Chemist: 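Dumping the structure here so I can ask a few things about it.
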Amino acid sequence: SVYRLPFLDFASVFETDNQLLIRSVRFMQVELPSVRSCHTTVDGIMSKTGLYPLHNLILRSDKFMNMNAVGIDVSKGKSMVAILRPYGEIISKPFEVKHTVSGIRSLIEQIQSIDGESRIVMEHTGRYYEPLVRELSKADLFVSAINPKLIKDFGDNSLRKVKSDKADAVKIARYTLDSWTELRQYSLMDEIRNQLKNMNRQFDFYMKHKTAMKNNLISILDQTYPGANTYFDSPAREDGSQKWVDFATTYWHVDCVRKMSLNAFTDLYQKWCCRRKYNFSKAKAEEIYGAAKELIPVLPKDNFTKCIIKQAVAQVNAASQTVERLRALMNETASKLPEYPVVMAMKGVGPSLGPQLMAEIGDVTRFTHKGAVTAFAGVDPGVNDSGDYSQKSVHASKHGSPVLRKTLFQVMDILIKTKPDDAVYLFMNKKRTEGKPYYVYMTAGANKFLRVYYGKVKEYLSTLPQSN
């Protein structure tokens, strides 16, 4: 009898406990005698093909031929699916699957009906892939969500550029076969972490919206009461209100201040502070009144101008209230996670940045080592070596989560301002005193912070009961 087997890249084959660990397969068709230990025959064939010989190799054709690679090209509401085997054997031509209960159930039944081991790969694209990967994982199928850049960089082995859903599904299936043993099982995120991450993305969105609305209000005030936003620097309250915004609501035009006497304005300002529960300072009232005498407004004090400012103020207050509600809700949700006390005890982390870190990093146990979590954030240092050339300073990869990198930079900024007795700050300050550029020492500090985060959280979780 004769077996048809793929050639292996023997530098990537290891044998442990009578089992083969294969990292890659080179699809060249050969014919070998039906024997279990055939290294002599293999050596002869390898010498003709230029591949290196491998001794004591146990070849079993059924393990290679029953590899079912399911490539899924995900889009909104539907996906294109292709199923391949080694040698380019087509189990199923590309077909469309709707993201509905019946559509996904039909796909699961079709995959389960195929003989052999099936591995499903799809791109990690936005939110479109989540319903599909969730249902497939619940069906106890091997699913792996891959960074789209890996699929894009995977060789097409063709001079023609073809871009279609069917071609992409076949390409993902080919990638599945080539990276068979390196694929990692997708781990479903628990509901608390999933909710926390969604809240953090909404928080990030409304923070940008709040900044845009605040800049819009300042641009209008510059035409009616220039500099009104600089009088107070009090942070936003829990209800989202800010002192300078409330001040602009009442004194929306410079004439609202300078048309009265100093004593009259001081009395009204004191009553305003008492009504709004702000601290009153007579010196501040005199400063505001004195500055108002020198200002030149552009827009007149009329109902039209007042309406524009009132609408801008309402938009700022609405965005600010949403941000503060989300901030409180995120902290409440994050407190249910087991690593909450450890993260909140770290320097530079508070009730706002702590939940953001936990939301973006997720479960640290899914990372195999410290380098994996820094690569996930995209703050891992790059390498550029070739021959005798070795570049000393290489940019960070920035292939990870931009939201996580933003949060890390905010933590580093707090460490620089507060200057705590902390290993991360001391390391970052050392880089800064050496004359390193801003982004260099900030990225280096973020890298070290993540490593410390990974070590502390993982050590703490290992001490908890398994039920937690």
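On a predicted model such as this, the values are computed, not experimentally measured, just so you know.
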Chemist: Do Ile361 and Leu404 have side chains that get closer than 4.5 Å, going by heavy atoms?
Modeler: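 Answer yes - side chains close enough.
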Chemist: Is the shortest side-chain heavy-atom distance between Asp168 and Lys163 below 4.5 Å?
Modeler: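 Contact flag for Asp168/Lys163 side chains = yes.
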Chemist: Please examine the side chains of Ser79 and Glu96, heavy atoms only from C-beta on, and report whether any two atoms are closer than 4.5 Å.
Modeler: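 The answer is no; the side chains never approach within 4.5 Å.
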Chemist: Considering residues at least two apart in sequence or located in another chain, which fulfil the ring pair (Phe, Tyr, Trp, His ring centres under 6.0 Å) criterion with Tyr454?
Modeler: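 Per chain and number, Tyr454 pairs via ring pair (Phe, Tyr, Trp, His ring centres under 6.0 Å) with no residue.
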Chemist: Within the structure provided, determine whether Cys307 and Gln311 are in side-chain contact (heavy-atom separation under 4.5 Å).
Modeler: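 Touching, per the 4.5 Å side-chain cut-off.
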Chemist: Establish, from distance only, whether the side-chain atoms of Asp153 and Tyr175 form a donor-acceptor pair under 3.5 Å.
Modeler: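 Not at all, the side chains of Asp153 and Tyr175 share no donor-acceptor pair under 3.5 Å.
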Chemist: Do Gln202 and Leu326 come close enough that some side-chain heavy atom pair is under 4.5 Å?
Modeler: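 A side-chain contact exists here, since the closest heavy-atom pair is under 4.5 Å.
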Chemist: Using the side chain to side chain contact (heavy atoms under 4.5 Å, CB included) criterion, which residues pair with Ala372? Sequence neighbours excluded.
Modeler: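 Result, side chain to side chain contact (heavy atoms under 4.5 Å, CB included) vs Ala372: Phe367, Thr368, His369.
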Chemist: Applying the side chain to side chain contact (heavy atoms under 4.5 Å, CB included) criterion to Lys347, which one of Leu415, Thr418, Asp421 satisfies it?
Modeler: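 Running side chain to side chain contact (heavy atoms under 4.5 Å, CB included) over Leu415, Thr418, Asp421 with Lys347 returns exactly one hit, Leu415.
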Chemist: Give a yes or no on whether a salt bridge exists between Glu339 and Arg193, defined as a side-chain N under 4.0 angstrom from a carboxylate O.
Modeler: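 Arg193 and Glu339: salt-bridged.
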Chemist: Just distance, no hydrogens or angles: give the donor-acceptor pairs under 3.5 Å from side chains in residues 435-452, sequence neighbours left out.
Modeler:
{"from": "Thr443", "atom 1": "OG1", "to": "Tyr439", "atom 2": "O", "distance (Å)": "2.6"}
{"from": "Asn447", "atom 1": "OD1", "to": "Arg451", "atom 2": "NE", "distance (Å)": "2.8"}
{"from": "Asn447", "atom 1": "ND2", "to": "Val379", "atom 2": "O", "distance (Å)": "3.1"}

Chemist: Quick check: are there more than 12 heavy atoms from other residues, nucleotides or ligands sitting under 6.0 Å from OH of Tyr128?
Modeler: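 No.
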Chemist: Does any non-hydrogen side-chain atom of Leu353 lie less than 4.5 Å from one of Ile414?
Modeler: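 Side-chain contact under 4.5 Å: yes.
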Chemist: Got a sec: does the OH of Tyr425 have more than 12 other heavy atoms crowding it under 6.0 Å?
Modeler: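 Enclosed: over 12 neighbouring heavy atoms sit under 6.0 Å from OH of Tyr425.
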Chemist: Among Leu136, Thr176, Ile83, which residue meets the side chain to side chain contact (heavy atoms under 4.5 Å, CB included) test with Val70?
Modeler: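 With Val70 as partner, side chain to side chain contact (heavy atoms under 4.5 Å, CB included) holds for just one option, Ile83.
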Chemist: Can a donor-acceptor pair be found between the side chains of Asn200 and Asp204 at a distance below 3.5 Å?
Modeler: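 Not at all, the side chains of Asn200 and Asp204 share no donor-acceptor pair under 3.5 Å.
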Chemist: Counting only heavy atoms from other residues, nucleotides and ligands, does the tally under 6.0 Å from NZ of Lys93 exceed 12?
Modeler: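 At most 12 heavy atoms, drawn from other residues, nucleotides or ligands, come within 6.0 Å of this atom.
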Chemist: Kindly indicate whether a cation-pi arrangement holds for Arg184 with Phe142, taking the cut-offs as under 6.0 Å to the six-membered ring centre and within 45° of the axis.
Modeler: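 No.
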Chemist: Using 0.5 Å steps for rounding, measure from the NE2 atom of His209 to the OG1 atom of Thr211.
Modeler: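 That separation rounds to 10.0 Å.
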Chemist: Scan side-chain atoms only and decide if Arg201 and Asn198 contain a donor-acceptor pair under the 3.5 Å cut-off.
Modeler: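 On atom types as modelled, these side chains do not qualify, holding no pair under 3.5 Å.
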Chemist: Does the side chain of Ser352 come under 3.5 Å of the side chain of Arg327 through a donor N or O and an acceptor N or O?
Modeler: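 Distance-only check passes for Ser352 and Arg327.
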Chemist: What distance separates Arg85 CZ from Ser118 OG, expressed to the nearest 0.5 Å?
Modeler: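 Taking CZ in Arg85 and OG in Ser118, the distance rounds to 8.0 Å.
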Chemist: What distance do Lys406 atom NZ and Glu360 atom CD have between them, rounded to the nearest 0.5 Å?
Modeler: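 If we round to the nearest 0.5 Å, Lys406:NZ and Glu360:CD are 10.5 Å apart.
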Chemist: With the side chain counted from C-beta on, respond yes when Met122 and Val133 share a heavy-atom pair under 4.5 Å apart, and no when they do not.
Modeler: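 Of all side-chain heavy-atom pairs linking Val133 with Met122, at least one is under 4.5 Å.
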Chemist: Please lay out, stage by stage, how Glu324 and Asp239 fare under the test side chain to side chain contact (heavy atoms under 4.5 Å, CB included).
Modeler: CA-CA 7 Å; Glu324 297 308 317; Asp239 61 354; over 6 Å; no
Chemist: Within the 4.5 Å heavy-atom criterion, are Gln315 and Lys310 side-chain neighbours or not?
Modeler: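 No, every pair of side-chain atoms sits at 4.5 Å or beyond.
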Chemist: In terms of heavy-atom contacts, does CD of Glu434 have more than 12 from other residues, nucleotides or ligands at under 6.0 Å?
Modeler: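 Yes, CD of Glu434 has more than 12 neighbouring heavy atoms, counting only those of other groups under 6.0 Å.
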Chemist: Are there over 12 heavy-atom neighbours, none belonging to Lys166, within less than 6.0 Å of that residue's NZ?
Modeler: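 Incorrect, the count does not exceed 12.
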Chemist: Atom OH of Tyr186 and atom OG of Ser144: how far apart are they, to the nearest 0.5 Å?
Modeler: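 Answer for the OH-OG pair, Tyr186 versus Ser144, is 10.5 Å.
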